[in-house]
Amino acid sequence: MAKSPAQGAPFDPFVAPLVLGAEAPPISERGTFAFLRGHLFGSLPQILLTLFGAWLLYVTVPPLVQFFLIDAVWTGTSRDACLPEKVGRPVGACWPFIWAKFDQLVYGFYPASARWRVNLVYALSALLLLPLLIQRLPYKRLNAIAFFGVFPVVAFILLTGGNMEPKGFLLSWLGLGGLFSGFGALGGVQFGFWADFVLSAALLTALVAAVCRVVAGPQAARPAARSTLGVLAVLAAILFAADLDLGLMPVETRLWGGLLVTLVIAVTGITVSLPFGILLALGRRSNLPLVKIVSIAFIEFWRGVPLITVLFFATYMLPLFLPGRMNIDGLLRALVGVALFASAYMAEVVRGGLQAIPKGQYEGAMALGLRSGLMMRLVVLPQALKLVIPGIVNNFIGLFKDTTLVLIVSIFDLLGAMRAAFTDPSWATPTTLFTGFGFAGLVYFVFCFGMSRYSMALEKRLDRANRH
Amino acid sequence: MTADSLIADVEKSAPEIAVEMAGVNKWYGQFHVLRDINLTVHKGERVVVCGPSGSGKSTLIRCINRLEEHQKGRIVVDGIELTDDLKRIDEVRREVGMCFQHFNLFPHLTILENCTLAPMWVRKMPKREAEELAMHFLAKVKIPQQAAKYPGQLSGGQQQRVAIARALCMRPRIMLFDEPTSALDPEMVKEVLDTMVALAEDGMTMLCVTHEMGFARQVANRVIFMDEGQIIEMNEPEAFFSNPQHERTRLFLSQILH
Amino acid sequence: MSDATDSAPARGAGRRWSWTDPKLRSAVIQIALGLLLVFLLWAFYHNAVANLSRQGIASGFGFLDNRAGFAISQALIPYNEDMSYGRAFLVGLLNTLLVAVLGIILATILGFLMGVARLSKNVVIQALASAYVEITRNLPPLFQILFWYLAVLAALPGPRQSWGMGLQPFFTAIANGLDAVGLGVLGAPVGAFAAGLGAPSVFINNRGLVVPRFFLESGGTALLIAIAAGIVIALLFARFAKRRREATGQIFPVFWIGLAIIVGLPLLVAAAMGFPVGIERPELRGFNFSGGVTVIPEFVALLLALVIYTAGFIAEIVRAGILAVSKGQSEAAHSLGLRTGPTLRLVVIPQALRVIVPPLTSQYLNLTKNSSLGVAVGYPDLFSVFAGSTLNQTGQAIEIIAMTMAVYLTISIVTSALMGWYNKRVALVER
């Protein structure tokens, strides 16, 4: 049988005589040597880069260590401890300055006798937030309700002292306040206000029921009335708690400061922005042209301007738009600004999550007969919100950093409190500024870096879960 | 009174109509996807729809539960005409179950929760009852032991069977299947087809878009061939396969039957 | 069709006005929303009119023509306190644009460097770049601005003890180094060059950064024309080279030839005209510098902070963009025989840019918006001049804050419009 060369040269049949075991790689490919060659000294440019990097490390790290640790002054009661001419040696960081100003940095001018309330709020938030962040722990729903629903009310009462003394509800606002004057108060509870509340609630419920009856038919009136009453009952519970006189000394927000303000603004911002952000994101995807246009305009407006203009808007412009008798607290104004701003950003994060839900999920839900509201609540949002947790955490980091801007509208957050501390002449030393910036920087870094690591870990976990 | 008795008389004489499409037309923008569709499906009938991709067969059955809107003509499902009215759409969707090519199970819910979701929220069934019902149908599709798992942990064939059970939990009168086996690995096709055959034997009204011609021969009363948005040919399976009339049908069958 | 109507009497024909009719539902919701908006706008207007008249604040934009009466420490166009608020607005706007444009250019350069460094095989470089990114991104921008301004720039010596920076010591050091390793032949001309540079001409002190001022002497116009001509000729050449490559397959080193034209032509012209560029060096007179250009420390602090902060984000974007191009793409290009250079230029970079450009633009917008933080150190940007000084003096919060917001909003909207156009152009065509 003559084979043409094109069909291949003649060959010897072959069977492997023995199975080969794995051997170690040659010396050039393993261990320290391979690492050095691959990652540090492989070629001339590599060597130059390595040397350059080493030089950079040499000129940055040792001086920092020297300044903040070795040459630092750790104890002392006045600036004398940190003046080189008094100490007789080169002086690095002046830590006694931080110790002296520590309370101011953490509480602002919150009265010392009431600081336990701030500490209690810190402790509560940690207690509720940490289990929420750790995915393995159970009771997520309960935990979320406690953190997002109950904790804000408790924190509000603890921090302000509660006993809000509300003057009137809807009817008073509509000019019928005279009806409810002359009622007494017991234990801080304003009976006039509550009479107004009950009457308003009854009227409101009746109104809602009537409107639903006309628009949607008699069968819709009862559930509508029930849900209105539910909302009002929750509102009543919150207002009642805030109205009670618990014997806590009232503390005006002017006195709040430091880390307390930073956390209050960032946490309030993110908590308020979540529901609004979801609504806006749904609105942006709505089929109703007006709803869509209004949502887009709202979102793009607040995203298009710097936060500082938003804070100015809330501080100087908003009061002009509200009835003259309303006198809004300075911190509350800043909170309104931050909430508007954060809602717009949150809306975009949530929209990203909604877009990531495949069309098949909507179709599956519709084919089962779920109406759009139920479909969103049971099928789309639970999946979308889970997807956007990393985005929400990133938003929170941004908000945490942006909180510093309130110092421009004269609210003293951590950075503002630090800046105020710098002006204290009794602690003026050559290294005060660097110490202060070092400390504040460390606090910001620890918070932001920690959260960003958390969000990255979460993202990885989600990726893995989705790959299944 | 009189109307009721009249309908009862009609019922005795002729099988009830499950789905009726009359002069249905649909466009995607300029593209005419459904062209003058006339189709009547009686209760208990099993109809298989086939045709080349892009022929409008999926769109056809998706119009029946209004996942797609038709622009012209009439669709009456189980006596309810489909209009813009959301209430009618809800009623139709309650009566019509659907299985998708990609299953569309809800990945954040367990198998059991997938099955109880609609009975509890749409039919307002108590949880315990819904779960019993779900377990009944999961047993019927032969995967009751997977009830606590999540869809991502199941194979494609198992997921599709769960999807069938999920649809059945709404006790539908009509089942729609949109290429239920075409996203499956070959070894899993049979388990899904077996489930569908069992369903057919129970007397379910079924409309099925599929290329599984063996299935069509075994259970279908009628096979419909569609091309370019039009029903080209419709016949009993035996006649359809052995003696296709239209040239396009012959070409299509020669391509898929090898 | 009529027989179909007969055969299936439709159930649930019900009332004409039904809540389940989507048209009615959408109309009701939209009308309710519309009414709410109209009510809110009306209430705002009503309250604003009442509040303004109560506080005796003027309204309208008439104030823009009034005398501003405050000085501005940095103005790119002539300005003094006798000029109007409108002029001050313009000065502030230009200052904002100046710091934004410079910041964007520098942050892009630094960010790309850091992004590439994070992907380096070299562990030292990679670790340094990672540390840079993590530290700068996690410290608030306002913190960084205050740090540079209060802790670093304010700690610099006064003008008399300014730190001088010039290229002379640098080149002298190179010359000495070359001499030391026995390359005196090369070292001598470098040393001579260094000596020719003269004393340092860039100074930094706690009053800012002092740099020489360049100006055109007679014949300068010709130089400008030459620069423009060089660019135009280079572009024409690139087109010619492309046509030629497509027609014949021959490839020119377009980049190098283009560079030579752009640099060479102006140099030749300049030499012919006897270098018509004058330098005004700053000199210490008494307690401050005269001559040259003084860059105010507020600007330096703001620019440093913005560049360093934004570059951290850009680095991450660049890194993600490069990683987004799958390894398979470069493997495919290599297997077709493309070398590393063309692979990067023709396959990897175009795909990476698709991923990089949209988030990069939003970083540019962030930098522009963050430039308003200059108000914290008194950099006279739009926000500080207008929403700061002008608002303080006139009290016309509504007009002033609305105008300020409108400027930033316009920048944002124009940028996103451009971005949308770009995205549409580069979008991958998919089924």
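Just so it is clear, the structure is predicted and the values come from calculations on it, not from any experiment. Chain letters run A, B, ... following the sequence lines, proteins first, then strands; residues in each count from 1.
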A.B. asks: Side chain, backbone, both or neither: which part of A/Val294 has a non-hydrogen atom closer than 4.5 Å to chain C?
C.D. replies: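 Side chain only.
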A.B. asks: Taking every heavy-atom pair that is under 4.5 Å apart, which of A/Leu433, A/Asp402, A/Leu290, A/Thr404 has the most such pairs with chain C?
C.D. replies: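 If we count pairs closer than 4.5 Å to chain C, A/Leu290 comes out on top.
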A.B. asks: Is A/Leu407 close to chain C through its backbone or its side chain, or both, or neither, when contacts mean heavy atoms under 4.5 Å?
C.D. replies: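 Contact with chain C is through the side chain of A/Leu407 alone.
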A.B. asks: If you define the side chain from C-beta out and look only at heavy atoms, does anything of A/Phe437 sit under 4.5 Å from C/Leu146?
C.D. replies: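 A side-chain contact under 4.5 Å exists here.
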A.B. asks: With only heavy atoms counted, which part of A/Leu56 is less than 4.5 Å from chain C, the side chain, the backbone, both or neither?
C.D. replies: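 It is the side chain, since no backbone atom gets that close.
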A.B. asks: CZ/C/Arg137 to OG/A/Ser452 distance, rounded to the nearest 0.5 angstrom?
C.D. replies: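 The distance works out to 6.5 Å.
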A.B. asks: Are side-chain heavy atoms of C/Leu139 and A/Phe445 found at a separation under 4.5 Å?
C.D. replies: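 Touching, per the 4.5 Å side-chain cut-off.
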A.B. asks: At a 4.5 Å cut-off on heavy atoms, which part of A/Pro289 comes close to chain C: side chain, backbone, both, or neither?
C.D. replies: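 Contact with chain C: backbone and side chain both.
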A.B. asks: Show me the donor-acceptor pairs within less than 3.5 Å that the side chains of residues 411-420 of chain C make with the rest of the protein, sequence neighbours left out.
C.D. replies:
unit_1, atom_1, unit_2, atom_2, d
C/Ser412, OG, A/Gly304, O, 2.9
C/Ser412, OG, C/Tyr408, O, 3.2
C/Thr415, OG1, C/Ile411, O, 2.6
C/Ser416, OG, C/Ser412, O, 2.6

A.B. asks: For chain A, which candidate among C/Gln126, C/Gln144, C/Gln30 shows the most heavy-atom pairs at distances under 4.5 Å?
C.D. replies: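 Most heavy-atom pairs under 4.5 Å with chain A: C/Gln30.
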A.B. asks: Picking from C/Asn122, C/Thr368, C/Thr410, which has the most non-hydrogen pairs under 4.5 angstrom with chain A?
C.D. replies: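 Heavy-atom pairs under 4.5 Å are most numerous for C/Asn122.
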A.B. asks: Atom CZ of A/Phe313 and atom OG1 of C/Thr404: how far apart are they, to the nearest 0.5 Å?
C.D. replies: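 Reported to 0.5 Å precision, the distance equals 13.0 Å.
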A.B. asks: Excluding sequence neighbours, so at least two apart, what forms side-chain contact (heavy atoms from CB on, under 4.5 Å) with C/Leu41?
C.D. replies: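 Per chain and number, C/Leu41 pairs via side-chain contact (heavy atoms from CB on, under 4.5 Å) with no residue.
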A.B. asks: Counting only non-hydrogen atoms closer than 4.5 Å, does A/Phe301 touch chain C with its backbone (N, CA, C, O), its side chain (CB onward), both, or neither?
C.D. replies: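 Looking at A/Phe301, backbone and side chain both touch chain C.
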A.B. asks: Heavy-atom distances under 4.5 Å only: say whether C/Ala43 touches chain A with side chain, backbone, both or neither.
C.D. replies: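 Interface part for C/Ala43: backbone (N, CA, C, O).
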A.B. asks: A side-chain contact here means heavy atoms from C-beta on lying under 4.5 Å apart; do C/Phe143 and A/Lys401 qualify?
C.D. replies: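 No - every pair of side-chain heavy atoms lies 4.5 Å or more apart.
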A.B. asks: If you draw a 6.0 Å radius around CZ in C/Phe61, do more than 12 non-hydrogen atoms from other residues or ligands fall strictly inside?
C.D. replies: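 Atom CZ in C/Phe61 is packed in, count exceeds 12.
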A.B. asks: So does A/Arg222 have more than 12 non-hydrogen atoms from other groups sitting under 6.0 Å from CZ?
C.D. replies: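 Open.
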A.B. asks: Evaluate side-chain contact (heavy atoms from CB on, under 4.5 Å) for C/Met405 paired with A/Met317, printing each intermediate quantity in order.
C.D. replies: CA-CA 12 Å; C/Met405 283 180 154; A/Met317 198 164 156; 5.6 Å; no
A.B. asks: How about A/Phe321 and C/Tyr45: are their ring centres within less than 6.0 Å of each other?
C.D. replies: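 Aromatic pair excluded; centres sit 6.0 Å or further apart.
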A.B. asks: With a 4.5 angstrom heavy-atom cut-off, could you sort out which part of A/Leu405 is near chain C: side chain, backbone, both or neither?
C.D. replies: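 Both backbone and side chain.
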A.B. asks: Is a side-chain donor or acceptor of C/Lys369 paired with a backbone partner of A/Ile308 at a separation under 3.5 angstrom?
C.D. replies: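 Answer holds: no.
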A.B. asks: Heavy-atom distance under 4.5 Å to chain A: side chain of C/Phe147, backbone, both or neither?
C.D. replies: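 Both parts, backbone and side chain.
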A.B. asks: Heavy-atom pairs under 4.5 Å with chain A - which of C/Val375, C/Val124, C/Leu409 has more of them than the others?
C.D. replies: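 The candidate making the most pairs under 4.5 Å is C/Leu409.
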A.B. asks: Heavy atoms under 4.5 Å from chain A: which residues of residues 385-393 of chain C carry them?
C.D. replies: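 Checking residues 385-393 of chain C against chain A gives C/Ala387, C/Leu391.
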A.B. asks: What are the two closest heavy atoms between C/Asn51 and A/Pro319, and how far apart are they?
C.D. replies: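 Heavy-atom minimum between the residues: ND2-O, 3.4 Å.
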A.B. asks: Which pairs count as salt bridge (Lys or Arg N to Asp or Glu O under 4.0 Å) when at least one residue sits in residues 394-408 of chain C, sequence neighbours excluded?
C.D. replies: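 Applying salt bridge (Lys or Arg N to Asp or Glu O under 4.0 Å) to every pair that reaches into residues 394-408 of chain C, excluding sequence neighbours, yields nothing.
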A.B. asks: Is chain A contacted by the side chain of C/Ile125, its backbone, both, or neither, given a heavy-atom distance below 4.5 Å?
C.D. replies: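 Side chain only.
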A.B. asks: Given side chains that start at C-beta, do those of A/Arg419 and C/Leu150 come closer than 4.5 Å, heavy atoms only?
C.D. replies: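 Counting from C-beta outward, A/Arg419 and C/Leu150 do come under 4.5 Å.
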A.B. asks: Between C/Ile135 and chain A, which part of the residue has a heavy atom less than 4.5 Å away: side chain, backbone, both or neither?
C.D. replies: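 Backbone plus side chain of C/Ile135, per the 4.5 Å heavy-atom cut-off to chain A.
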A.B. asks: What residue in C/Val407, C/Val49, C/Asn370, C/Val123 has the most heavy-atom pairs under 4.5 Å with chain A?
C.D. replies: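 Sorted descending by pairs with chain A, the first entry is C/Val123.
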A.B. asks: I need the A/Ile397 CD1 to C/Asn138 CG distance, nearest 0.5 Å.
C.D. replies: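 Separation between the atoms: 6.5 Å.
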A.B. asks: Between CG of A/Asn287 and OG of C/Ser26, what distance do you get to the nearest 0.5 Å?
C.D. replies: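 Answer for the CG-OG pair, A/Asn287 versus C/Ser26, is 9.0 Å.
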A.B. asks: Using modelled atom types only, decide if a donor and an acceptor are shared between the side chain of C/Asn47 and the backbone of A/Leu320 within a distance under 3.5 Å.
C.D. replies: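 No, the answer is negative, given that no donor and acceptor are paired below the 3.5 Å cut-off.
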